[in-house]
K.L.:
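Let me give you the structure first, and then I'll get to my questions.
Reminder, nothing fancy here: chain letters follow the sequence lines and each chain counts from 1.
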Amino acid sequence: MEFLSIPFAIFIVVVFALYYARTNRRWQHFMLFAASLMFIGYYHIVYLAYAIGIALFTFEAGKLLHKNIESKWRPWIFTISIAILVGIWLTARYASPLFPLGISFYTFQALSYLIEINWEEEPEDDLMDFMLYMLLFMKFLSGPIERAYDMLPQLKEKHSFDYENVTAGLKLLAWGAFMKLVIADRIAPSMNMVLNDVHLATSAQMLQATLLYPIQLYADFAGYTNMALGLGAMFGFRLSPNFDRPFISLSTGELWRRWHQSLSFWCRDYIFTPVSAEMRRWKKWGIYFALLVTFVTIGVWHGAGWTFALYGLFQGLVIIYETATKNGHEHFRAKVGDRVYRPLMMIRTYLLFALSLLFFRVSNVSDVFYVYKHLLDFHINDAKELSLGLNDNQWIAFGIAVVVMFVMEYINSHKNIIKWTTTQKAYVRWTLYFVLVVLIFFYGNFGVEDFIYIQF
Amino acid sequence: MTKEEALEALSSIFAEVLDEKDIELDYQMTANDVDRWDSITNMTIISEIESRFNIKLKLREIIKLKNVGALCDAIVSKSK
């Protein structure tokens, strides 16, 4: 069930009404659980079997590990449970004919849960709450990857209907739909035209696609995340944010603290920190090694093949370079001043990210190098080819929407826009909502694309 | 060693690793409050602390460190 579909709209209205019909915690959890099973099973019953199996296994493994925390069996129980989870994930990912949707997201949640118990956190003893932590429908397909100890306490709270929370959720949902439909899906067919087979594209088109793809991916994934967070808020949950204005980053290191945060913080806490701690007598070389391991893992988390490994390696190498040359950067910053340094570094970071994303998007390594080779040929046969299949009005609408998105995010970083709307007079609020909905319907590109991250 | 002495020593380690001479630490500070104290510099700081005080922190202890105060406590209890 896609978030942006009629079946989902009906589904959410029914679940929402039933959820708040009684504020009894058992009732609400049962409703959410039934809804999540339906949501997952609607795609494929096998997906549901995987998800329930992994959740049950993790629940039991957590209890067993906790019971043996002082015993000599602890490392065995821990290692074998982790190996089983990773094994199932890798097999499903690479060797099964049917890729179970959401598995990379909920397996990482399961791993973090067991690692935390191994670090002497208490396991959850309510099976229903644990199942919801693993399977809650709004975050099932593409995250955010939640931490048990953020999410489980929320499941113990009482969730009575809160007008402000619910409307804030609806606004976030609408904003996410705007990002997805008006920005990401508008440009998606053009990006596909160039990047699905780069040999059919001209060098100017390749340059355009390389520069615009980060914006498509961002509007798509951050749009999805806003919708997930909005749906969460409607049911009284605070899901983890996944993006914090990544394109204002001054370095690739900073970008990864602002981009797909629930994955990168996961890898920071469970891969980088342990590996760098283990290697710390090697001083900076240990840190560089840990960075490479962490980023290659982030890369291959997305899928099989050299392209994703190289996508991760690219990030790792750039961040090592940044770490090694930090003093030089500070020197340069002092010399040219912040007014020059900041925009320059933002552009540099964006361009490097755009180049790295070709590994993420283009289907094989030799095609990526083909693009690199021809990126700056500046060869144009006919100015028309630059339209990439969109007419002038569509380009203008797309351009304005991108600017609106970045400006809104800028304002929001100083003043919470959703909160602000609640303090406005009714006519101001309703005009704004009306404009947003009209924009989505007039300028949105409907029914073309799945969310990009659904494949991971 | 007292907690205050640990804080003082820690300030000089932070100043050196983060290349910020005028850094002023207090017990409540976390990585969010200190520029350039991130997951990368953190491990350099930890290994510097270990060699300066001749102590060894366990992985779990490193992970559970929440702020500068907790770091000072760890140093005091380990170097006894």
Side-chain angles (χ1 to χ4, degrees), chain A residues 69 74 78 112 115-121 149 244 249-258 261 264-292 294-295 316 319-324 326-331 333-334, chain B residues 6 9-25 28-79:
Chain A
I69 208 82
R74 169 189 179 168
F78 177 66
S112 97
I115 296 171
E116 293 287 350
I117 290 178
N118 193 45
W119 288 345
E120 296 176 14
E121 289 284 348
Y149 300 96
D244 178 18
S249 305
L250 302 184
S251 67
T252 303
E254 184 183 350
L255 182 109
W256 281 95
R257 285 191 285 274
R258 294 175 174 276
Q261 292 165 306
S264 64
F265 293 164
W266 193 104
C267 291
R268 177 195 67 195
D269 294 346
Y270 303 125
I271 300 174
F272 177 77
T273 304
V275 174
S276 63
E278 207 53 52
M279 308 285 292
R280 65 187 182 278
R281 57 204 161 89
W282 300 94
K283 303 277 174 195
K284 65 178 184 189
W285 298 106
I287 287 172
Y288 296 164
F289 177 77
L291 279 170
L292 282 185
T294 305
F295 279 95
I319 293 173
I320 289 172
Y321 169 78
E322 285 172 354
T323 311
K326 203 167 60 188
N327 291 342
H329 274 99
E330 289 303 322
H331 194 71
R333 183 181 197 152
Chain B
L10 214 49
S11 297
S12 86
I13 293 178
F14 271 71
E16 194 180 303
V17 174
L18 303 182
D19 197 20
E20 303 241 10
K21 284 173 198 64
D22 313 319
I23 199 159
E24 290 228 16
L25 295 181
Q28 304 311 322
M29 271 183 165
T30 67
N32 291 335
D33 307 314
V34 182
D35 251 6
R36 300 205 231 166
W37 183 13
D38 55 28
S39 48
I40 298 175
T41 49
N42 187 49
M43 207 48 74
T44 314
I45 289 172
I46 297 285
S47 69
E48 200 54 43
I49 289 170
E50 288 179 324
S51 64
R52 185 102 43 117
F53 295 98
N54 198 21
I55 57 174
K56 198 91 194 134
L57 292 166
K58 288 202 198 110
L59 172 61
R60 226 180 36 250
E61 292 167 332
I62 297 174
I63 286 152
K64 298 288 168 196
L65 291 171
K66 290 284 172 251
N67 55 25
V68 171
L71 200 48
C72 292
D73 288 334
I75 295 169
V76 173
S77 74
K78 289 262 165 182
S79 53

K.L.:
Answer yes or no: is there a side-chain heavy-atom contact under 4.5 Å between A:Lys326 and B:Thr41?
P.N.:
yes
K.L.:
Could you check which of A:Gly286, A:Gly253, A:Pro274 has the highest count of heavy-atom pairs closer than 4.5 Å to chain B?
P.N.:
A:Pro274
K.L.:
Within this structure, what is the OG-CD1 distance for the pair B:Ser39 and A:Ile287, rounded to the nearest 0.5 Å?
P.N.:
9.5 Å
K.L.:
Answer yes or no: are there more than 12 heavy-atom neighbours, outside B:Glu20 itself, under 6.0 Å from its atom CD?
P.N.:
yes
K.L.:
Need one label for A:Glu254: side chain, backbone, both or neither, based on atoms under 4.5 Å from any heavy atom in chain B.
P.N.:
neither
K.L.:
Check each atom of A:Glu278 against the heavy atoms of chain B and say whether the ones under 4.5 Å are side chain, backbone, both or neither.
P.N.:
neither
K.L.:
B:Glu50 vs A:Arg280, test: salt bridge (Lys or Arg N to Asp or Glu O under 4.0 Å). Steps then yes/no.
P.N.:
CA-CA 10 Å; B:Glu50 288 179 324; A:Arg280 65 187 182 278; 2.4 Å; yes
K.L.:
Above 12 or not: heavy atoms from other molecules or residues under 6.0 Å from OH of A:Tyr149?
P.N.:
yes
K.L.:
Answer yes or no: is there a side-chain heavy-atom contact under 4.5 Å between B:Asn42 and A:Thr273?
P.N.:
no
K.L.:
So for B:Asp38, is it side chain, backbone, both, or neither that comes closer than 4.5 Å to the heavy atoms of chain A?
P.N.:
side chain
K.L.:
Does B:Met43 form a side chain to side chain contact (heavy atoms under 4.5 Å, CB included) with A:Lys283? I'd like the steps, not just the answer.
P.N.:
CA-CA 9 Å; B:Met43 207 48 74; A:Lys283 303 277 174 195; over 6 Å; no
K.L.:
Got more than 12 heavy atoms from elsewhere within 6.0 Å of CH2, A:Trp282?
P.N.:
no
K.L.:
Is A:Arg257 in contact with chain B via its backbone, its side chain, both, or neither, using a 4.5 Å heavy-atom distance?
P.N.:
side chain
K.L.:
For atom CD of B:Glu24, decide whether the heavy atoms of other residues, nucleotides or ligands shown that lie under 6.0 angstrom number more than 12.
P.N.:
no
K.L.:
More than 12 foreign heavy atoms under 6.0 Å from NE2 of A:His331: is that the case here?
P.N.:
no
K.L.:
Give me the contact list for residues 52-67 of chain B versus chain A, heavy atoms only, anything under 4.5 Å, ordered by residue number.
P.N.:
B:Lys56, B:Leu57, B:Leu59, B:Arg60, B:Ile62, B:Ile63, B:Lys64
K.L.:
Could you look at A:Glu116 and say if it's the side chain, the backbone, both or neither that has a heavy atom under 4.5 Å from chain B?
P.N.:
side chain
